[in-house]
Amino acid sequence: MTKQDAINLLTQKDQMQLLSFYDTLTPEQQENLLAQIEGIDWSLLDVLKTHETVNARGTFAPLSAMELSQIDANRAHLEEVGLQAIREGKVAAVLLAGGQGTRLGFDKPKGMYNIGVTRELYIFECLINNVMEIVKKAGAWIPFYIMTSDKNYDDTTAFLKEKNYFGYNAKYIHFFKQEMAPSVDYNGKLLMEAPDRLSLSPNGNGGWFSSLCRYGYDKQMKEAGVEWLTAFAVDNVLQRINDPAFVGAVIDSGCDCGGMVVRKADPNERVGVLCTEDGKPSIVEYYEMTEDMIHLKDENGNLLYNFGVILNYMFNLDRLTEIKSKRLPLHIVEKKIPYIDGDGNLIKPTTPNGYKFESLILDMIHMMDSCCPFEVEREKAFAPVKNPTGVDSVESARKLLEKNGVTL
Ligand SMILES: CC(=O)N[C@H]1[C@@H](OP(=O)(O)O)O[C@H](CO)[C@@H](O)[C@@H]1O
């Protein structure tokens with residue numbers, strides 16, 4: 001794209017602020033900026049204009065989960081089905097690690113956070129230790145895909161290499177970068193984070209499959225005989241990655257996908273609940289639930305919307321490929337977005353100042369025809385590190401790690 005092309009386009013889009021500093025840039029920076037402008041997905045901004053939001057929801061109904069008692073009664077069989085599939089190389093794992101540890105006051109990839117007390121124990125290390133347990137049990141390496149982002153690819157790859165992948169076989173590790181989406185202020189103007197750079201951020205955890213496909217990994221997997229993909233968040237240090245009973249249960253169920261769920265700690269716990277929406281699997285966020293829904297009980301006195309997702313899902317690869325071309329709903333999220341002002345000074349706002357565009361993995365569940373909710377024990381499988389202290393924090397995760405016999 002030439003400068004003149006950019007002027008034409010940006011005049012038409014009313015976004016000429018992107019060229020404010022153009023004449024002060026080096027030729028290389030100019031070229032970079034033009035490439036970024038060329039790459040803008042304008043349809044995102046159209047969503048903002050048309051207010052075509054994702055908030056309109058259908059009719060929710062409860063979806064019963066495969067509960068612990070039922071799983072325990074059948075555990076040996078489920079594990080065998082799962083281990084067999086893992087041994088045959090049919091189940092890959094995808095770690096969603098595009099984010100930084102910003103909320104922990106840590107300006108590096110979240111997985112590089114050291115949660116140890118008397119020794120070093122990194123979040124990545126916890127996760128790799130967990131998957132290694134399954135690798136040993138199955139006697140086979142699990143293809144392990146790690147999603148990073150533009151912001152943390154270099155740090156992540158260098159760190160894991162330096163740590164020798166915490167013992168994982170590097171041949172089975174593949175990195176890819178999450179796609180980025182632009183940010184806008186409240187007037188819909190695209191923000192810049194430097195004179196030669198748009199403000200871009202990872203496009204939400206729903207972007208993982210399309211990002212993976214851009215690297216050709218979907219084809220690589222298909223050729224290697226992979227049939228299932230698990231996808232899970234970096235923040236849960238007790239994450240049971242490719243837990244054989246979970247894998248076996250989803251395969252046995254004949255469903256398109258599955259999700260690990262925990263019994264809610266209390267009716268108002270702030271988690272998304274796996275349910276159905278207009279007859280298809282869906283996740284209703286806690287803030288979308290009416291008081292009625294929150295407290296509805298079955299004849300045994302159990303909450304009907306009782307199982308919260310922990311961001312550990314399993315998807316059938318063929319089904320993912322089928323929905324690949326469909327656009328996921330866009331979530332418009334208010335955020336504090338650092339930007340440069342008209343004089344080129346970097347401003348770090350302390351209150352939200354604009355919108356980011358995100359697609360969410362839970363919307364992929366809704367595109368599937370069926371889903372198997374699989375209950376896991378909170379104390380053994382759910383220790384998300386979201387905040388420094390309090391609920392879902394470094395502190396609470398440390399306690400749970402210790403309870404599970406991990407030396408800190
Ligand atoms: C968009 C998305 O996937 N949100 C997830 C995710 O929430 P955050 O609090 O936004 O990290 O993790 C939760 C479990 O820790 C899960 O309940 C929720 O559905």
Side-chain angles (χ1 to χ4, degrees), residues 14-15 17-18 20-21 33 36-37 39-42 44-45 47-49 51 53-55 96-113 123 147-156 177-208 233-235 270-272 285-288 311 328-362 384-394:
D14 199 15
Q15 299 281 357
Q17 77 284 0
L18 300 187
S20 301
F21 303 96
L33 180 60
Q36 287 172 56
I37 293 171
I40 295 172
D41 178 355
W42 296 100
L44 297 180
L45 280 80
V47 170
L48 201 61
K49 271 192 220 133
H51 293 280
T53 62
V54 291
N55 299 335
L96 310 179
Q100 300 289 86
T102 322
R103 268 161 78 187
L104 305 177
F106 179 66
D107 196 25
K108 284 269 159 66
K110 197 164 195 176
M112 282 173 63
Y113 187 82
I123 291 183
M147 182 170 80
T148 63
S149 65
D150 270 350
K151 286 203 187 342
N152 74 10
Y153 176 87
D154 291 346
D155 281 344
T156 304
K177 285 189 198 174
Q178 181 169 16
E179 289 163 75
M180 305 291 274
S183 320
V184 293
D185 68 13
Y186 287 137
N187 298 316
K189 295 277 190 204
L190 290 158
L191 292 166
M192 300 189 77
E193 61 181 21
D196 62 334
R197 238 178 20 246
L198 298 179
S199 162
L200 296 171
S201 57
N203 64 350
N205 65 12
W208 68 276
V234 68
D235 66 10
R270 297 156 78 92
V271 282
E285 286 296 340
Y286 59 92
Y287 50 82
E288 296 176 305
L311 229 175
L328 284 170
L330 271 178
H331 295 253
I332 297 168
V333 202
E334 279 190 71
K335 294 257 167 128
K336 296 177 231 169
I337 307 160
Y339 68 99
I340 52 164
D341 65 12
D343 298 323
N345 303 312
L346 181 67
I347 315 283
K348 290 190 172 171
T350 51
T351 52
N353 62 318
Y355 303 113
K356 289 187 177 183
F357 303 93
E358 296 182 345
S359 58
L360 302 180
I361 191 166
L362 39 86
V385 182
K386 297 190 197 268
N387 308 300
T389 57
V391 179
D392 295 346
S393 66
V394 173

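Source: prediction; values computed, not measured.
Shown here are the salt bridge (charged side-chain N to carboxylate O under 4.0 Å, His left out) partners of K335, two or more places apart in sequence or in another chain: E358. For D185, the salt bridge (charged side-chain N to carboxylate O under 4.0 Å, His left out) test picks out no residue, with sequence neighbours left out. Contacts of Y113 classified as ring-ring contact (aromatic ring centres under 6.0 Å, His included), with partners at least two apart in sequence or in another chain: F106. Scored by the side chain to side chain donor-acceptor pair (under 3.5 Å) test, Y287 finds no partners at all (sequence neighbours excluded). With sequence neighbours excluded, no residue forms a side chain to side chain donor-acceptor pair (under 3.5 Å) with Q36. Take D154 and apply the salt bridge (charged side-chain N to carboxylate O under 4.0 Å, His left out) test, not counting sequence neighbours, and it matches no residue. Under the side chain to side chain donor-acceptor pair (under 3.5 Å) criterion, E193 pairs with R197, not counting sequence neighbours. For K356, there are no salt bridge (charged side-chain N to carboxylate O under 4.0 Å, His left out) partners two or more places apart in sequence or in a different chain. Remark: Q17 pairs with Q15, S20, K189, L190 by the side-chain contact (heavy atoms from CB on, under 4.5 Å) rule, at least two apart or across chains. By the side chain to side chain donor-acceptor pair (under 3.5 Å) test, S201 pairs with no residue at all, sequence neighbours left out.
A heavy-atom distance below 4.5 Å is found between the side chains of M180 and P202. Side chains of L18 and L198 form a contact here, defined as non-hydrogen atoms less than 4.5 Å apart. Between D235 and I123, the closest side-chain pair of non-hydrogen atoms is not below 4.5 Å.
Contact detail for L44 and P182: the closest heavy-atom pair is CD1-CD, 3.5 Å. Here the closest heavy-atom approach between residue M192 and residue L33 is recorded as CE-CD1, 3.8 Å. Nearest heavy atom pair, residue G99 against residue N152, reads O-ND2, 3.2 Å. Among all heavy-atom pairs drawn from I347 and P349, the shortest one is O-CD, 3.4 Å. Shown here for P352 and E334, the closest heavy-atom pair between the two residues is CB-OE1, 4.1 Å. Heavy atoms only, all atoms of each residue included: I361 and N205 are closest at N-OD1, 2.8 Å.
A donor-acceptor distance shorter than 3.5 angstrom exists from the side chain of Q178 to the backbone of G204, with no hydrogens or angles considered. A donor-acceptor pair under 3.5 Å is formed between the side chain of N353 and the backbone N or O of I337.
The salt bridge (Lys or Arg N to Asp or Glu O under 4.0 Å) analysis of residues 98-113, with sequence neighbours excluded, yields no pairs. For residues 338-355, the set of pairs meeting the salt bridge (Lys or Arg N to Asp or Glu O under 4.0 Å) definition, not counting sequence neighbours, is empty.
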